Amino acid sequence: MVASEVKSADQSLAEYRLRTVRVGVWTSVFVIAAAVAYYVLPGHEPIDQRAYLLVLGIASAGVIAIAALPWRRLMASGRGMTVMYAWSVLDISLITLLIPLTGLQDSPMFFLYAFTTVFFAASYPLGAQVGLTAFTALNYVVLIGMNGWPIGPGELVLRVVFLAALSFMGSLLSLELRRQMRAQEAARSESERRAALLGAVARAGREVSSLETERVLQAVVEAARSLGFEGVNLVVYSDDGTTYRSAHAVGMPAEFTRKMHKSTVGMAGVIKDHPETLSVEDYTSHPNAVPVLLDAGFRSTIASPVWVRGRLSAALVGATTEQRVFTPQDEEAFELLAGAAGRALENARLFEEQYQNIQRLAELDQLKSDFISTVSHELRTPLTAIEGMGLTLEQRWDSLDEDLRKELLGRMNANTEALHRIIGTLLDFSRLEAGRMDVNLEAVMLRPLVDGVISRLRSFFENHDVVVDVTDDLSVRADPVLLERVIENLLSNAAKHTPNGTRIVLAATTLRGFATISVRDNGPGIPISELRYIGERFYRGGDANTRPTRGTGLGLALVREILKLHHSELEVESEIERGSRFAFRLPLAEPATAMPEDERRLASP
Ligand code: ADP
């Protein structure tokens with residue numbers, strides 16, 4: 001039985017005793033009135049008037065005093081029963097005094113003993129009942145004895161047994177009554193407790209529908225606390241499940257909740273190995289008990305697993321400082337809370353993901369709008385240059401010297417090439433999107449292809465130091481046109497997005513039948529915040545307003561798509577102030593070159 005139940009059972013017994021005191025007072029009033037009527041009405045034995053009225057006077061004063069006492073307070077302080085016993089002793093004594101005044105062996109007052117005996121049986125614990133009934137019998141026997149035994153022993157025994165039988169019957173009835181009262185009380189407190197459990201679970205259910213993880217955790221922990229746990233801890237396991245830490249806790253020592261724990265420690269450790277609800281009545285002797293929690297006074301505990309998307313993600317642990325036997329209802333309520341926590345965490349996570357997606361879509365939308373203005377700008381810049389130089393040549397052909405004319409024509413060609421490249425990228429991209437990009441895999445000699453690209457992009461690398469670390473005989477399986485686009489994009493990016501004087505290294509290494517081709521630079525690097533977007537279509541790093549470089553934001557996206565067609569992918573590594581490295585793998589074309597067991601540098605720098 002839980003402490004609160006004991007308390008309410010005690011309370012209802014005290015209420016019952018208060019009622020018996022009231023009944024006792026009224027019965028005494030009626031009996032005194034009847035005794036007065038007996039005296040007033042004719043037909044009784046001669047009575048010693050003074051003594052009779054004195055006894056009745058004392059009885060009346062006693063009843064008035066008893067009625068005036070603050071019974072509720074007396075019962076609460078535990079002194080109520082002592083007063084009741086004193087009142088009973090007084091009653092028995094007064095009846096014993098009345099009997100010789102009203103005809104001794106023939107006195108009808110003997111029957112008043114029956115009234116007090118039944119009263120004891122109804123109101124007192126067994127020991128007091130037996131004691132007071134014995135006191136009554138003793139009073140009567142001594143009274144009869146003192147008056148020369150006017151009643152024979154047979155009749156005396158009969159009268160005493162009559163009282164004992166009354167006491168026994170009354171006691172039986174009152175025992176049954178009290179048993180029923182206790183059962184009723186237990187049922188009432190059990191249903192109240194269940195209502196409280198359900199209330200707590202329902203409250204938590206309402207709260208945990210919130211999409212904010214923090215509120216959800218708090219609601220679950222508060223609801224668990226309202227189930228009568230002084231300490232509640234919702235712990236979350238690490239992704240690999242080897243450790244856990246408190247996500248939300250109340251009433252737990254900070255020394256424990258602040259730290260990360262191994263998944264072998266405490267109740268959360270037990271749940272990790274056996275993910276089902278577990279209650280421990282005697283925590284002190286549990287092998288997994290945590291000393292800090294024992295020092296905090298916890299004696300019983302219960303823990304439930306929290307599942308998120310079918311994975312054991314967390315555990316809900318409750319602890320009490322009082323040793324407690326957990327009922328199946330307690331375990332069920334705890335399990336319901338843990339279930340609610342799991343569902344809510346799942347909802348919160350889904351919401352978070354959806355929110356991120358929406359944010360991302362909005363960003364993409366923005367990127368697309370930026371793209372249109374970027375592309376228009378990218379097309380217009382070389383066009384304006386071509387237009388300007390063309391006009392100059394047309395109008396001032398004769399006045400320009402040969403060298404200047406050649407320079408202008410050269411610049412016009414460079415701009416035309418830039419235009420060509422942008423339009424080429426756009427066309428490639430639209431072909432890729434439409435799934436119309438043909439891939440013709442063949443053995444491609446890497447070195448000549450790289451050299452060709454570098455020579456075509458010569459103008460890009462005027463102020464950069466480009467190193468090619470690829471052996472002449474390295475041959476990979478790829479589409480030569482598409483591979484050229486990849487290398488061209490990576491190299492031009494390394495030149496475009498780094499300052500003059502930057503060193504760019506294009507290298508290739510082989511390992512187990514594959515070549516890893518990388519382009520790295522010792523430029524400014526890419527901030528971590530941008531790194532995850534690199535390679536997404538339309539994404540251009542830096543600030544749109546102050547960006548020093550030109551481009552469409554499609555270069556790396558195109559690279560990724562092309563690599564995907566080769567069943568490869570782009571790896572990006574970058575460190576601020578140290579530079580970036582873009583790499584991908586392609587299968588070697590000739591098995592012979594794949595022979596070396598370990599990584600082999602294909603050319604020395
Ligand atoms: P674009 O070059 O047209 O901007 P890309 O898709 O080729 O588009 O590149 C996307 C972004 O990645 C660039 O805008 C730039 O911010 C970043 N980036 C690419 N390569 C490098 C590099 N080598 N160093 C620093 N930043 C780079």
Side-chain angles (χ1 to χ4, degrees), residues 364-434 436-437 451-464 466 481-482 484-502 504 519 521 523-524 536-559 561-562:
L364 271 181
D365 211 44
Q366 182 60 40
L367 285 175
K368 239 177 187 163
S369 318
D370 287 353
F371 169 72
I372 292 172
S373 65
T374 310
V375 167
S376 319
H377 180 73
E378 287 300 302
L379 292 175
R380 199 167 330 115
T381 312
L383 260 183
T384 313
I386 294 168
E387 202 178 23
M389 288 180 281
L391 268 174
T392 310
L393 283 173
E394 187 189 15
Q395 289 166 0
R396 299 173 51 201
W397 180 267
D398 293 331
S399 64
L400 295 174
D401 63 36
E402 179 78 13
D403 286 349
L404 205 53
R405 283 202 293 245
K406 266 200 179 146
E407 194 200 320
L408 284 177
L409 279 172
R411 277 163 55 192
M412 276 175 80
N413 281 341
N415 276 292
T416 315
E417 206 177 294
L419 259 184
H420 205 78
R421 239 193 337 272
I422 295 171
I423 293 168
T425 304
L426 292 175
L427 281 177
D428 280 353
F429 217 88
S430 77
R431 252 187 264 142
L432 265 174
E433 295 246 283
R436 282 190 285 110
M437 185 73 96
D451 288 343
V453 172
I454 292 176
S455 132
R456 252 191 312 110
L457 298 181
R458 224 176 18 255
S459 58
F460 271 92
F461 305 121
E462 271 164 8
N463 300 309
H464 287 75
V466 183
V481 179
L482 297 180
E484 208 175 293
R485 308 291 278 149
V486 169
I487 297 210
E488 183 184 301
N489 267 297
L490 296 181
L491 283 175
S492 62
N493 269 351
K496 252 185 357 184
H497 301 294
T498 61
N500 289 347
T502 302
I504 302 168
V519 175
D521 62 66
E536 282 190 12
R537 55 193 61 177
F538 314 131
Y539 181 78
R540 303 204 65 222
D543 181 349
N545 301 315
T546 58
R547 216 178 264 141
T549 59
R550 285 166 48 184
T552 54
L554 281 178
L556 290 180
L558 186 70
V559 166
E561 293 298 326
I562 292 176

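In this text the structure is predicted, and so the values were computed from the model without any measurement.
- Separating the CG atom in Leu408 from the CG atom in Leu391 is a distance of 11.5 Å, to the nearest 0.5 Å.
- Interatomic distance, CD of Glu387 versus CE of Met412, reported as 10.0 Å (0.5 Å rounding).
- Checking side-chain atoms of Arg458 against main-chain N and O of Ser455 turns up a donor-acceptor pair under 3.5 Å.
- Taking 4.5 Å as the limit, every side-chain heavy atom of Ile454 sits out of range of all side-chain heavy atoms of Ile487.
- Pairs of residues two or more places apart, or lying in two chains, that qualify as side-chain hydrogen bond (donor to acceptor under 3.5 Å, both in side chains) and include a residue from residues 398-407 are Glu402-Arg405, Glu407-Arg411.
- Proximity of Phe460 to Leu491: side-chain heavy atoms (C-beta onward) are nowhere separated by under 4.5 Å.
- Distance check: Arg421 CZ to Asn489 CG gives 9.0 Å after rounding to the nearest 0.5 Å.
- Contact of the Glu484 side chain with the Arg456 side chain is registered, since non-hydrogen atoms from C-beta on lie closer than 4.5 Å.
- Here the CD1-CG distance, from Ile422 to Leu427, works out to 12.0 Å after rounding to the nearest 0.5 Å.
- With contacts defined as side-chain heavy-atom distances shorter than 4.5 Å, the pair Leu556/Tyr539 does not qualify.
- In this structure, Asn415 CG and Thr381 OG1 are separated by 9.0 Å, a value rounded to the nearest 0.5 Å.
- The two residues Arg485 and Thr425 make their nearest non-hydrogen contact at NH2-N, 3.3 Å.
- Between Leu393 and Leu400 there is a side-chain heavy-atom pair separated by less than 4.5 Å.
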Checklist entry - For His464 and Lys496, what are the C-alpha separation, side-chain angles and deciding distance, and is it a side chain to side chain contact (heavy atoms under 4.5 Å, CB included)? => result CA-CA 10 Å; His464 287 75; Lys496 252 185 357 184; over 6 Å; no
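- Residue Leu404 holds its CG atom at 9.0 Å from OG1 of Thr392, rounded to the nearest 0.5 Å.
- For the residue pair Val519 and Ala494, the shortest heavy atom distance occurs at CG1-CB, 4.1 Å.
- Checking each of Asp521, Asn493, Asn463 against Thr498 for a side-chain contact (heavy atoms from CB on, under 4.5 Å) leaves exactly one that passes, namely Asp521.
- Smallest separation of non-hydrogen atoms from Gly523 and Thr502: N-CG2, 3.7 Å.
- You'll find the side chain of Asn500 stays beyond 4.5 Å of the side chain of Glu462, heavy atoms only.
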